[in-house]
Amino acid sequence: MSRNVAWIHTIGKGDIATAGGKGANLGEMVQVGFPVPPAFVVTAQAYEDFITHTGLAQQIHDLLAKVDPDNNRALHEASDRIRKLFTATKLPDDLRGEVTKAYQSLSEGQEGGAFVAVRSSATAEDLPEASFAGQQDTFLNVRGEEDVQRNLLRCWSSLFTPRAIFYRAKHNFAHEGVRIAVVVQRMVDADKAGVLFTRHPTTGEDLTIIEGALGLGEGVVSGTVSPDNYVIGPDGKVRQVNVATQDSMYVRGPDGKTAVIKVPPDKRDARVVSDEELAKLAKVGKQIEKHYGAPQDVEWAFEKGQLYILQTRPITTIRGGLSQGKAPPPAPPGTAPKEPANSAPGNPRQLLKGLGAAPGIVTGKVVVLKDAEELQKVQQGDVLVTVMTMPDMVPAMKRAAAIVTDEGGMTCHAAIVARELGVPCVVGTKRGEAAATKLLKDGMLVTVDGEKGTVVEGEVKQKPAPRGGMAQPATQTAPGAGPALASPAKPLTATQVKVNLSMPEAVDRALAVDPDGVGLLRIEHIVLAFDEDALGLERSGRTQGGEPYPRPVHPAWAIKNGHREKYVKFLFENFQRIVAPMAPRMVWIRTLDFPTDEMRKARGGEDEPHEHNPMLGWRGVRRGIAQEELLLAEFEAVKKLRDAGLRNVGVMLPLVQHPSEIRRARDLLRQVGLEPQKDIQFGIMVEIPAAAVIIDLLVDEGIDFVSFGTNDLTQYTLAVDRNSPGVAPLYDEFHPAVTRLIESTIKVCRARGVETSICGQAGSDPKFVEKLVRWGITSVSANIDALPRVREHIARVEQKLVLDRAREGR
Ligand code: PEP
Ligand code: MG
């Protein structure tokens with residue numbers, strides 16, 4: 001070990017002053033014998049010598065002496081200048097030589113050098129707060145001597161971010177006194193990777209749970225690929241093997257960046273981790289747990305047969321400490337049991353596993369629907385099973401006790417409608433040969449768990465819900481309305497928490513969670529209920545058995561054929577069923593947004609244009625303007641609400657991409673006698689990247705609010721079809737391109753006094769909502785079932801923000 005560079009195996013847990021916290025912990029793991037990828041540390045002394053000998057220490061001192069930490073602009077300028085000083089200064093020859101030598105050794109003669117991670121490793125005594133210590137930079141996929149040197153300088157310079165300078169100034173740390181080590185570690189090019197829990201992560205049972213998938217571990221850790229799931233008993237015996245169908249995998253591309261590729265067909269359904277590898281993993285897992293004295297959550301990888309431990313941290317999710325229970329844990333979503341997991345007497349057999357899309361557990365008889373023409377087959381209390389629901393299946397969905405589909409993700413049609421109706425729902429059950437429509441047969445009795453995403457044979461009696469939990473009936477046969485959600489003491493939040501609705505039938509369930517309004521009233525389902533019966537027309541639909549049933553009527557056809565008044569009245573009455581009980585809470589009614597393919601089966605739907613890509617086609621406000629009789633009819637129904645004395649209404653335009661669309665919609669509102677922003681709130685959805693980019697121009701047109709439609713915003717930003725299972729691993733609302741568009745839009749709207757909200761599915765995800773609250777969103781609109789959870793989370797985040805600000809003296 002030289003003063004400048006130390007190999008990781010020479011470092012122990014007492015070496016924080018030299019190697020920083022991260023370096024010392026890695027060294028400790030190597031010393032105990034865990035297989036950690038090779039690494040070296042550029043020591044804190046090397047940093048100290050560097051800034052002293054190059055004169056940087058003095059320059060930093062001079063620059064920071066003058067800075068008032070409360071002057072944000074000055075802080076940023078100083079930070080910029082200091083960081084540039086670092087990157088413009090060359091490493092002294094001796095240090096450069098040592099780093100290069102160590103890197104070459106790490107590369108083991110690999111042409112072009114190995115890919116490495118260059119990580120800042122803070123020295124704890126200088127940086128006492130973990131949250132602060134985590135602020136320094138890490139660079140992944142670095143390759144080549146020069147890049148290693150460049151990123152070493154960048155890590156060093158990250159001691160001088162505006163936030164770090166501010167923090168030290170406020171805590172009276174001398175800037176010259178802080179030091180930093182840097183870990184340079186070879187990146188593992190995993191053939192297979194995953195996570196390992198040394199205990200069951202919720203029950204604490206003495207089982208080793210291993211999840212593994214082909215390729216790099218990112219897919220498993222982020223939850224975007226379905227890993228196999230293995231359960232190993234305390235005796236080391238493999239108890240369960242649940243093999244998932246893996247369609248895509250993460251690999252390192254030639255440029256070192258992570259890429260997602262398709263898994264070759266012959267490997268998709270193959271088991272990933274062998275018995276021998278499982279034994280190795282379980283053994284290391286136990287050693288790690290013993291060493292740290294607590295159950296651990298470990299990231300692992302195999303590269304060319306060699307096992308590597310990438311990270312370990314304590315499991316913090318075990319309920320009520322450790323127990324020695326016997327029941328095996330449930331398999332995670334995306335797995336089909338290969339060996340009957342639940343075959344012990346009395347244990348029901350699990351038939352299917354998918355995504356839990358709407359919570360609740362019910363037992364009922366299966367009815368498999370091939371298409372909407374079979375709707376009448378579904379009786380109250382049945383379990384509706386189909387490939388994917390379509391809007392014209394809504395009447396049957398209302399009767400169903402549960403819904404199970406082969407395809408779809410969390411924002412598919414079945415998921416949205418089921419959540420709203422309170423009908424338990426499992427989507428995406430297609431895994432290899434298994435699929436709901438193949439395995440489930442008409443008349444079978446099954447129990448559907450819409451939270452875990454499972455379908456099991458027969459009736460399963462439920463244990464009583466834990467105290468304070470939300471009890472649901474063991475067998476729910478009531479249709480449509482679904483169980484009311486308990487509404488314990490409602491935490492007060494500055495951010496309003498609203499609800500998404502699309503059917504008047506759900507308004508009581510919505511009121512039970514006491515929302516601050518309706519942030520999205522999707523009117524498509526109301527329009528679908530406008531059917532031949534509603535118009536008194538002869539039923540033209542025929543089931544397979546020849547029974548007539550009423551088809552929905554296309555509103556354009558209805559208007560053209562003399563039924564305009566009835567259509568407007570129908571809309572008004574259905575809107576009123578929601579707006580009246582919600583008063584005085586605001587309800588934002590979104591104008592019609594049907595893609596052309598979804599209305600083709602309606603009466604008059606034959607005239608819908610055939611589009612190659614309906615998602616990018618004639619839908620949303622562009623259609624309402626082009627076929628203005630549609631938008632005018634909707635606006636007239638809204639006007640009737642005002643005339644009936646209901647003032648808690650807003651109009652929201654979907655899929656806006658140009659200011660002229662707002663202008664035109666405003667003219668049409670005036671035509672029906674409503675003055676936007678005066679008589680009625682007037683807003684737009686931001687769900688096309690263009691709208692976020694030109695938000696200032698849209699605001700110039702005069703709007704009261706914007707609402708983020710993250711379902712569409714994500715699909716259009718990433719060019720990922722939100723309903724296509726093939727690209728589902730790429731659909732990510734947390735992608736920085738999506739979150740940056742949202743963050744910048746909120747900023748502009750705040751400055752211009754325009755309200756911001758979210759009504760896409762991400763608004764029901766507490767983690768996503770946390771970001772929005774930090775950026776200053778005005779309201780969040782969530783699904784009924786998610787609302788209590790979202791509200792509690794918002795309350796916590798708001799409290800923390802207030803505390804942080806108070807502590808920082810802001
Ligand atoms: C959205 O795009 O996020 C949204 C709420 O609209 P929809 O899902 O109805 O397209
Ligand atoms: Mg949308």
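Atoms within each ligand, like the ligands themselves, are counted from 1 in listed order. The basis for the numbers below is simple: all heavy atoms, side chains too, and nothing from hydrogens, waters or symmetry mates.
- Using a 4.0 Å heavy-atom cutoff, Arg619 is listed among the residues neighbouring ligand 1.
- The side chain to side chain contact (heavy atoms under 4.5 Å, CB included) test with Val518 is passed by exactly one of Val587, Val579, Val649, Asn500: Val587.
- For Glu687, the N/O/S atom at the shortest distance from the Mg ion (ligand 2) is named OE1.
- The closest side-chain heavy-atom distance from Lys601 to Arg551 is not below 4.5 Å.
- Using a 4.5 Å heavy-atom threshold, the side chains of Glu733 and Gln761 count as touching.
- Checked by distance only, ligand 1 and Arg722 come closer than 3.5 Å through their nitrogen or oxygen atoms.
- Taking every heavy atom of Arg522 and a limit of under 4.0 angstrom, the matching atoms of ligand 1 come to 4 (C), 5 (C), 6 (O), 7 (P), 8 (O), 9 (O).
- Taking 2.8 Å as the criterion, Asp712 counts as a coordinating residue of the Mg ion (ligand 2), since one of its N, O or S atoms falls below it.
- With a 4.0 Å heavy-atom cut-off, ligand 1 is reached by the side chain of Met685 but not by its N, CA, C or O.
- An N or O contact shorter than 3.5 Å is missing between Gln761 and ligand 1 by distance.
- Remark: Lys560 does not engage Glu629 in a salt bridge, criterion side-chain N to carboxylate O under 4.0 Å.
- Phe570 and Phe530 have tilted rings, their planes meeting at an angle from 30° to 60° on a 0 to 90° scale.
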